Each structure stands twice: as structure tokens, then as C-alpha cells.
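In this text, all values refer to a predicted model and were calculated from it rather than measured experimentally. Numbering starts at 1 and runs along the sequence shown.
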Amino acid sequence: MTHQAAQVVQADEAEHIPLPHGGGFHLLADGGALGANRLALGAGAPGARLHFHARSTELFYVLAGTVEFELAGDTTAVGRGGLVLVPPGMPHAFGAAPGTPAEVLAVLSPGVERFGYFRSLGRIQHGLEPFESLLPAQERYDVHFVDRDGARDGGGGSATPS
């Protein structure tokens, strides 16, 4: 019986994508069975605008602070040690609660090669690219942006992309 090689990513080996609020992405695993990243958010900073994944389930584990999640129109605060599991097709958004920084481990399964997506988000957050540059890649990255009225987003959504 042949076995796949285990993947080990040491903390200092993970690619870091800085964000302007003092946080950033640590890219851990890309594609295959799952994709994973660790996201640090500054106090009250947005994490992701409203979107859904057509093919993947997303798991969030709150490592520090409190994260506010919007899940299919309902908002809930989840503190350190809490877990959120978002099924395919469910619109969701999240960010650090006001006044507190937060860290979250995000895992997408099955994995989609999304490191390029996170690199683009870093450039967008720093004003180096427009948000609209992501719109043609929604299918590729399985990240489908949604307007607040539930329609697919053409780039005019109100939440900050991240």
C-alpha cells in the first residue's frame, strides 16, 4: 500500500500576506483535500465580505479574540475556542468584533487552490488593485460574492473585501 506524504508547515515557513490593519494571512495548505490559512485581524477589522462557496464547506476555529459571523442573514459572535461550520451555498461574512483583535484558523474542504486569491486580497487591502479584479476569478477560487440583497455581487457590495 502506498501512502501520500504528510504535509508539515512550520510557523516560520508559512507565507505571510500582511493586511493594513496590522493583521494578515498565514498561508498553510492549498488545494487537495483541504485548504487552510490562519488569519489575524486588527480590532474591529473586516475579515471577508458577504460570499458563499459553491463546492466547499468552510470551517472557522477562533484562536483568539471574538469574531462576528454573518451566516445566512443572522449575526453571531464567537469567542476563543468556538467553531463555525459553513455548508456549501450559505452566504457568510465575518470580522473581528469591535474593540478586539482576533485570530481564526480557516479550513476549506475539499481544498481549492486559493493562495493566489489571498495574495490578491492583500494587494486590494493595500490599494494596489481594485476589488473588481477578483470578480472574473470567483469560479476559479470558489468564492462567489453576494450583494446584501442576495444577488451575485458585481463589485458594488458594501463590506470590505478581505
Side-chain angles (χ1 to χ4, degrees), residues 3-19 21-98 100-122 124-125 134 137-146 148 150 152-153 157 159-162:
H3 298 279
Q4 280 187 307
Q7 181 178 356
V8 177
V9 180
Q10 300 291 347
D12 63 348
E13 297 171 342
E15 181 179 350
H16 181 252
I17 308 296
L19 297 174
H21 50 69
F25 293 102
H26 288 87
L27 306 181
L28 302 171
D30 200 21
L34 60 83
N37 74 84
R38 180 176 178 163
L39 174 59
L41 296 167
R49 74 178 353 177
L50 192 63
H51 68 285
F52 68 91
H53 307 288
R55 302 182 305 271
S56 300
T57 296
E58 191 164 22
L59 176 146
F60 297 94
Y61 181 76
V62 180
L63 299 165
T66 300
V67 179
E68 291 183 342
F69 289 90
E70 180 182 340
L71 304 163
D74 295 323
T75 301
T76 188
V78 179
R80 182 177 177 262
L83 182 132
V84 174
L85 193 62
V86 182
M90 177 180 280
H92 59 287
F94 64 92
T100 180
E103 287 190 45
V104 64
L105 176 67
V107 179
L108 201 70
S109 180
V112 175
E113 291 186 8
R114 296 177 70 212
F115 282 6
Y117 168 77
F118 295 115
R119 292 178 189 116
S120 290
L121 286 177
I124 290 166
Q125 286 287 307
L134 276 180
Q138 292 180 91
E139 189 65 36
R140 173 182 174 196
Y141 294 128
D142 192 24
V143 178
H144 306 274
F145 300 102
V146 178
R148 290 285 161 195
R152 285 189 69 130
D153 193 349
T160 303
S162 201

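In this structure, the side chain of Asp142 engages the main chain of Ala54 through a donor-acceptor pair within 3.5 Å. A donor-acceptor pair under 3.5 Å is absent between the side-chain atoms of Glu58 and the main chain of Ala106, judged by distance alone.
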| request: Before giving the answer on side-chain contact (heavy atoms from CB on, under 4.5 Å), spell out for Tyr141 and Arg114 the whole-Å C-alpha distance, their side-chain angles and the decisive distance to 0.1 Å. | output: CA-CA 6 Å; Tyr141 294 128; Arg114 296 177 70 212; 4.3 Å; yes

| said: Test side-chain contact (heavy atoms from CB on, under 4.5 Å) on Leu50 and Phe145; report intermediate values, then the result. | reply: CA-CA 6 Å; Leu50 192 63; Phe145 300 102; over 6 Å; no

| request: Report the C-alpha distance between Leu19 and Phe25 in whole Å, list the side-chain angles of each, state the deciding distance to 0.1 Å, and finish with yes or no for side-chain contact (heavy atoms from CB on, under 4.5 Å). | output: CA-CA 8 Å; Leu19 297 174; Phe25 293 102; 4.0 Å; yes

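Proximity of Leu39 to Phe60: side-chain heavy atoms (C-beta onward) are nowhere separated by under 4.5 Å. Using a 4.5 Å heavy-atom threshold, the side chains of Leu41 and Glu103 count as separate. For the pair Ile17/Leu27, a side-chain contact is recorded, criterion being any heavy-atom separation below 4.5 Å from C-beta on. You'll find the side chain of Val78 stays beyond 4.5 Å of the side chain of Thr66, heavy atoms only. Ser56 places a side-chain heavy atom less than 4.5 Å from the side chain of Pro110. Here the side chains of Val104 and Leu63 are not in contact, with every heavy-atom distance at 4.5 Å or above. Taking 4.5 Å as the limit, some side-chain heavy atom of Val84 sits within range of a side-chain heavy atom of Leu71. Using a 4.5 Å heavy-atom cutoff, the side chains of Leu34 and Leu108 are not in contact.
Taking every heavy atom of both residues into account, Ala36 and Val107 meet most closely at CB-CG2, 4.2 Å. Shown here for Ala96 and Ala102, the closest heavy-atom pair between the two residues is CB-CB, 4.0 Å. Summarising the geometry of Thr57 relative to Pro88, their closest heavy-atom pair is OG1-CD, 3.3 Å, with the distance given to 0.1 Å. Considering all non-hydrogen atoms of both residues, Ala93 and Ala48 come closest at CB-O, 3.3 Å. Contact record, Ala40 with His21: O-CE1, 3.7 Å, taken as the closest heavy-atom pair.
Between Arg80 atom CZ and Thr100 atom OG1 the span is 12.0 Å, to the nearest 0.5 Å. Rounding to the nearest 0.5 Å gives a distance of 10.5 Å between CZ of Arg140 and CG of Leu134.
Taking the six-membered ring for Trp and the full ring otherwise, the centers of His16 and His26 sit less than 6.0 Å from each other.
Atom CD of Glu13 has more than 12 neighbouring heavy atoms from other residues, nucleotides or ligands inside a 6.0 Å radius. Taking a 6.0 Å sphere around CZ of Arg55, one finds it holds more than 12 heavy atoms contributed by other residues, nucleotides or ligands.
With respect to Arg49 and Glu70, no salt bridge is recorded, no charged nitrogen being found less than 4.0 Å from a carboxylate O.
Tyr117 pairs in a side chain to side chain contact (heavy atoms under 4.5 Å, CB included) with only one of the listed residues (Val112, Asp30, Val143), which is Val143.
For Arg119, the salt bridge (charged side-chain N to carboxylate O under 4.0 Å, His left out) partners at least two apart in sequence or on another chain are Glu15.
Between His53 and His144, the side chains place no donor N or O within less than 3.5 Å of an acceptor N or O (distance only, hydrogens not considered).
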